Amino acid sequence: AKAAQFHDEL
Amino acid sequence: LCGDMSHLLAIIILLMKIWKTRSCAGISGKSQALFALVFTTRYLDLFTSFISLYNTIMKVFFIVSSYFTVFLIYFKFKATYDSNHDTFRAEFLVVPVGGLSILVNSEFTPLEILWTFSIYLESVAILPQLFMVSKTGEAESITSHYLFALGSYRALYIFNWIYRYYFEGFFDLIAVVSGCVQTILYCDFFYLYITKVLRGKKITLPA
């Protein structure tokens with residue numbers, strides 16, 4: 001699983 | 001989307017309750033102040049990255065509505081604020097969460113630490129409100145609906161995280177663990193909501 005590059009969730 | 005709409009609904013229910021009744025009785029100002037802090041520290045990326053118009057509008061709404069709620073409780077309807085029962089020590093949440101976000105984060109940069117702080121803080125920010133309900137031993141039905149919508153939102157995110165893990169290979173450990181903790185904190189309340197509020201009774205706890 002890759003870590004989030006940026007946070008696209010609220 | 002259901003999670004976001006549930007979150008949005010919770011905020012609107014709370015604002016309508018305060019506005020229509022001209023009273024913030026039974027609402028923890030501390031929880032609301034913590035939510036304002038959560039949104040402020042999380043959505044600093046408004047200045048650095050654009051995800052979608054939907055994302056931007058929701059972020060701005062969450063920030064503005066949280067400060068407006070705090071304003072209503074601590075200024076406009078201050079006389080109705082039940083501060084005697086809002087005695088949970090917020091620093092017992094903010095300080096450990098601050099320490100943890102410095103120690104456990106995915107990247108040691110100011111923005112990332114603040115984002116992590118907001119995720120950790122959000123998971124426990126409702127505690128002053130739940131403490132207030134348990135201290136007074138009751139909650140108005142409208143307050144219960146608010147708490148149910150607010151609690152459901154993170155639970156719905158968990159389903160989305162499972163989906164994203166399988167179909168996109170996306171997995172954000174910090175968000176997932178915090179989201180599960182956050183949802184677990186509501187379980188006792190969910191039980192009361194289903195067994196009492198949905199049967200037309202209001203939540204009252206034995207003394």
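As the structure is a computational prediction, the values presented were derived from the model and not from experiment. By convention in this document, chain letters (A, B, ...) are assigned in the order of the sequence lines, proteins followed by strands, and residues within each chain are numbered from 1.
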What part of B:Tyr54 gets within 4.5 angstrom of chain A, counting heavy atoms only: side chain, backbone, both, or neither? side chain
Verify whether the ring centers belonging to B:His7 and B:Tyr146 lie closer than 6.0 Å. no
How far does OG1 of B:Thr143 sit from CD of B:Gln129, to the nearest 0.5 angstrom? 7.0 Å
So that I know where these two stand, are B:Tyr67 and B:Phe71 an aromatic pair - ring centroids less than 6.0 Å apart? no
Ring centres under 6.0 angstrom apart (B:Tyr165, B:Phe170): no
Given that the side chain runs from C-beta out, which part of B:Phe62 has a heavy atom under 4.5 Å from chain A: side chain, backbone, both or neither? side chain
Bottom line for B:Asn55: the part with an atom under 4.5 Å from chain A's heavy atoms is both
